[in-house]
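Heads up, the thing below is written out as structure tokens.
Proteins come first, then strands; the chains are lettered A, B, ... in the order of their sequence lines, and each starts at number 1.
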Amino acid sequence: MSDFYQSVYAIVRQIPIGRVTSYGAIAKYLGTAGSSRMVGWAMNLSHHQEMYVPAHRVVNRNGLLTGKIHFGSPDEMQELLENEGITIENDCITNFKDLFWDPIKELK
DNA sequence: ACGTTGACCTATA
DNA sequence: GTATAGGCCAACG
């Protein structure tokens, strides 16, 4: 495994409960801005990682749950987020702007 | 080995 | 404001 994926997983695990972030923010934090798709790939491989990765806390820039289909059940991701106190409406995070957790600002 | 795809983002029309 | 285009790079067929 390259350090890139490990770094991505490390960041995702450090996301506080009830907060979310975006692929672009993570990519930018890792210095691979513009290649945010790789972050998505990292998430794709996250499910066969030993350590659990809360990929449900990572959404796209619009706060839309685009990756929900990659979970076992499309509704699983929304349930997990709502379980953490996040409000979802039509697969979108309503208070996304408030719940947004920027690793550059918070983790830097 | 090559072409296509993808859990994205930014920019232009 | 929505629509389309381009760029990015790794994995899959």
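Atom CG of L45(A) is separated from atom C1' of dC9(C) by 13 Å (rounded to the nearest Å). If you take CE of M43(A) and P of dA11(C), they are 14 Å apart, rounded to a whole angstrom. Here dC8(B) presents its C1' atom at 12 Å from CZ of F4(A), a figure rounded to the nearest Å. Nucleotide dA11(C) holds its P atom 15 Å from the NE2 atom of H70(A), rounded to whole Å. We find that CG of N62(A) is positioned 13 Å from C1' of dG1(C), with the value rounded to whole Å. Counting to the nearest Å, the C1' atom of dA10(C) and the CD atom of Q6(A) are 16 Å from each other. In this structure, CZ of R37(A) is placed 15 Å from P of dA11(C), rounded to the nearest angstrom. Rounding to whole angstrom units, CG of residue L64(A) and P of dG6(B) are separated by 16 Å.
Side-chain atoms of N62(A) never come within 3.5 Å of backbone atoms of L64(A) as a donor-acceptor pair (strictly under, hydrogens ignored). Using modelled atom types, one side-chain atom of Y9(A) and one backbone atom of A42(A) make a donor-acceptor pair closer than 3.5 Å.
The Y5(A) side chain lies nearest to dA11(C) when the options are dA11(C), dT10(B), dA7(B). You'll find that the side chain of N44(A) is closest to dA7(B), out of dC9(C), dA7(B), dA10(C). Set against dC9(B), dA7(B), dC8(C), the side chain of N60(A) has dC9(B) as its closest nucleotide. In the set dG6(B), dA7(B), dC9(B), dG6(B) carries the atom at the smallest distance from any side-chain atom of W41(A).
If you take CH2 on W101(A) and CD on Q14(A), they are separated by 6.0 Å, rounding to the nearest 0.5 Å.
Within 4.0 Å of F71(A), counting heavy atoms only, lies at least one base atom of the nucleic acid. In this structure, A55(A) reaches the bases: a heavy-atom distance under 4.0 Å links it to at least one base atom across the strands shown. Among the protein residues, S35(A) comes within range of the sugar-phosphate backbone only, with heavy atoms under 4.0 Å from sugar or phosphate atoms but none that close to a base.
In the model, H56(A) has a side-chain atom that pairs as donor or acceptor with a side-chain atom of E84(A) under 3.5 Å.
Spacing of P atoms, dT5(B) relative to dA5(C), comes out at 15 Å, to the nearest Å. Comparing the P positions of dT4(B) and dG6(C) gives a spacing of 15 Å, expressed to the nearest Å.
L99(A) and G18(A) get closest at one heavy-atom pair: CD2-O, 3.3 Å.
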